[in-house]
2 protein chains.
Amino acid sequence: MKQDEFSLIRQWTSRSRHQQGDGLSVGIGDDAAVFSVPAEMEVVACCDAMVETVHFLRETMNPSDIGYKAVISNISDVAAMGGLPRFALISVAVSPRWSAEDCQQIYEGIYDACEAYGVRVIGGDTVSSPASFYLSVTVLGEVEKGRALRRSAATPGQLVFVTGHLGGSAAGLDLLRRSGQTGEAALERWKPLLSFHQRPHAQVAAGRILLSSARAGALNDVSDGLASELWEIAEASSVQLRIEERKIPLAEVTRSYAEQAGVNPLHWALYGGEDYQLVGTVEEQAAGAIGERFAEQGISFSVIGRVEAGEPAVWMKSEQAWKPLVKAGFNHFGESEAGKG
Amino acid sequence: MKQDEFSLIRQWTSRSRHQQGDGLSVGIGDDAAVFSVPAEMEVVACCDAMVETVHFLRETMNPSDIGYKAVISNISDVAAMGGLPRFALISVAVSPRWSAEDCQQIYEGIYDACEAYGVRVIGGDTVSSPASFYLSVTVLGEVEKGRALRRSAATPGQLVFVTGHLGGSAAGLDLLRRSGQTGEAALERWKPLLSFHQRPHAQVAAGRILLSSARAGALNDVSDGLASELWEIAEASSVQLRIEERKIPLAEVTRSYAEQAGVNPLHWALYGGEDYQLVGTVEEQAAGAIGERFAEQGISFSVIGRVEAGEPAVWMKSEQAWKPLVKAGFNHFGESEAGKG
């Protein structure tokens, strides 16, 4: 980024120009953006960063996937509060090893993800980086006052559920990392795994159903693997969670790929992360009705266990034996794994 | 950041624990923060990034100054809309060359700046960086509905003003960069310049006075040097700005230091940036009253020129001659200067 950086940045963010209305008073291009929130709503705010070599490798994610996923990880956090995502601010530090075309594609991915979820990019900062590429996204949403779904709301007697299927993102990463040996044909054969990893969905509709049911307990999104998310709920709610291994939902393609790769797919589900499903608790008598509402939206709903009283802990039953579930999250690229602030 | 990263991050962000109330429903520690906004207010949102070697050098800024200034640059953007800053989200990528103590100090600076302006840190993401240190701050504030002060609101006949003094931050940087030759005594002698550079103020109170006066026009903050900020107003408002060189306010210490350094301090004011003063326009008949309200708050208010009709341009009168003012911003550390998205 040199002389013409301003016009380049204008070009990359051109999809944000001339957007006003629907609560947005001042969009991109002033000192700050300004928007209004309906009187019955509160603001939901979150921020997630992705750093080259720490959170992604260029070999396994193209620039538009990187932009797409950085937005999804934030939208997923809003979904995990039961909120509706509305606006995004994008902070990018561009490495000299990234071309203007790469940057254009990062922004294409960012805008594609935003538009898929009705989110508008209203600001940000694009700067140079001397070395690695860095992308930090802030997503702002709204949620009905006093109704946000917390990690701390699990109570004994509730059921533990998860949306969709788990482990698919880690399976896709495994596939990509082996593709040097296995070649293009393998990528083609297991294509759904690539989209699990590169173009994940955020479960906004599921979060909204849970919020509206008034029978939901705790909620969390699966960004760091099921084990660590369950532990967060157990600790925030001061309860024990007892889940059954055989009930953890895995996609058929994930199972098949794992079998031929000689890997236990459960490891991906528990410690892989980046599936962006929701995990939480609901009152037992409401589970059927909530599951039906999910089904109407094409979202699968799996009850995987139960909340019990006791010192915070997570137990998993496998082959008739209950064992404590190890808390750790999976570490994709060695010892530089990210922590959340 | 390895094994104990989570406990370290908890320690760095400990000043965010157990803060609720005053509109904050969910603080740090869940998937997202949740806060409410009074019915008569809108949300103001902005985001600024600072990258090591691009925006600062460790030789001229200690870690707490870096954290402090990153927050101030965002609070200044909220001030430039006439808004009140309220919350911050902090995204940090920690380089392996930064110690845990350095990181602790970055956060101390962040919290010091936030607390000085009544801003609460409600979220963020702390990750590893393979090389340079990166810090992106999002500040959220509020402003009365429909009242935000825009860059585009300058109209012919209004006066152009600036708060405080300009060029002090660039003078401080100059002092620091020469300190290898000039030594500790020079740093001590010109101490006020160091605080201009390392611990700038944001003019929140000035922005609020302007918003409440109902006679303000355009507003912008001086983050990239007066010249580029004036150009932004001229272009956004489709007007000409005609300012007088002799009216540009320089602090006495900046003048004295410039004289002994053999530099024209006007260059620092026009192209230095990071002064975080406000520049804008007001109706001529209101300028006196606004200046008095500023004086009551101890903020100096200098009329430096006038708005005229015409193709967007900025003219400056020096030694009786009017010349067009060059648009460029100053480039601190070579060709990798940042651009704003």
Side-chain angles (χ1 to χ4, degrees), chain A residues 1-2 5-6 9 13 25-26 28 30-37 39 42-49 51 53-55 77-78 80-81 83 87 89-93 122-132 134 136 138 140 143 145-146 148 150-151 220-221 335-336 338-341, chain B residues 1-2 5-6 9 13 25-26 28 30-37 39 42-49 51 53-55 77-78 80-81 83 87 89-93 122-132 134 136 138 140 143 145-146 148 150-151 220-221 335-336 338-341:
Chain A
M1 297 211 302
K2 290 177 192 172
E5 61 181 15
F6 286 96
I9 294 169
T13 58
S25 310
V26 181
I28 220 164
D30 212 307
D31 294 293
V34 182
F35 62 88
S36 60
V37 179
E42 292 183 285
V43 179
V44 181
C46 58
C47 175
D48 254 338
V51 181
T53 74
V54 178
H55 299 86
D77 282 325
V78 173
M81 305 303 286
F87 303 110
L89 297 125
I90 309 295
S91 180
V92 180
I122 57 171
D125 200 5
T126 307
V127 300
S128 301
S129 165
S132 45
Y134 180 98
S136 180
T138 299
L140 304 170
V143 67
K145 276 186 180 162
R150 309 287 308 272
R151 289 178 188 164
N220 207 350
D221 73 322
E335 61 188 7
S336 51
K340 294 296 238 0
Chain B
M1 295 212 300
K2 291 179 192 171
E5 60 182 11
F6 286 95
I9 294 169
T13 59
S25 310
V26 181
I28 221 164
D30 213 307
D31 294 293
V34 181
F35 62 87
S36 60
V37 178
E42 292 183 287
V43 179
V44 181
C46 58
C47 175
D48 255 337
V51 181
T53 74
V54 178
H55 299 86
D77 282 324
V78 172
M81 306 303 286
F87 302 111
L89 298 125
I90 309 297
S91 180
V92 180
I122 58 171
D125 199 6
T126 306
V127 301
S128 301
S129 165
S132 45
Y134 179 100
S136 182
T138 298
L140 304 170
V143 68
K145 275 185 181 164
R150 309 287 307 269
R151 289 178 187 164
N220 207 351
D221 73 321
E335 61 189 5
S336 52
K340 296 292 240 3

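On a predicted model such as this, the values are computed, not experimentally measured, just so you know. Per chain, numbering begins at 1; letters A, B, ... match sequence-line order.
In this structure, chain A has a heavy atom under 4.5 Å from the side chain of Val51(B), while its backbone stays farther away. Proximity to chain A (any heavy atom under 4.5 Å) is restricted, for Ala148(B), to the side chain, taken from C-beta onward. Interface residue Val43(B): backbone and side-chain heavy atoms are both found under 4.5 Å from chain A. With a threshold of 4.5 angstrom between heavy atoms, Ser91(B) approaches chain A through its backbone and through its side chain.
The two atoms that bring Ser36(A) and Lys145(B) nearest to each other are CB-CE, 4.1 Å, heavy atoms only. The two atoms that bring Tyr134(B) and Val127(A) nearest to each other are CE1-CG2, 4.3 Å, heavy atoms only. Across every non-hydrogen atom of Cys47(A) and Asp125(B), the tightest pair is O-CB, 3.6 Å.
Contact count versus chain B (heavy atoms, under 4.5 Å) is highest, among Ala39(A), Ala80(A), Ala33(A), for Ala33(A). With chain B as the partner, the residue from Pro130(A), Ser136(A), Ala131(A) showing the most heavy-atom pairs under 4.5 Å is Pro130(A).
Atom CG of Leu89(A) sits about 8.0 Å away from atom SG of Cys46(B), to the nearest 0.5 Å. To the nearest 0.5 Å, atoms CG (Asp77(A)) and CG (Asp30(B)) are separated by 9.0 Å. The structure places CD of Glu42(B) at 3.5 Å from OG of Ser25(A), a figure rounded to the nearest 0.5 Å.
Between Ser129(B) and Val54(A) the shortest side-chain heavy-atom distance does not fall below 4.5 Å.
The side chain to side chain donor-acceptor pair (under 3.5 Å) test applied to Asn220(A) returns Arg151(A), Glu229(A), Glu232(A), not counting sequence neighbours.
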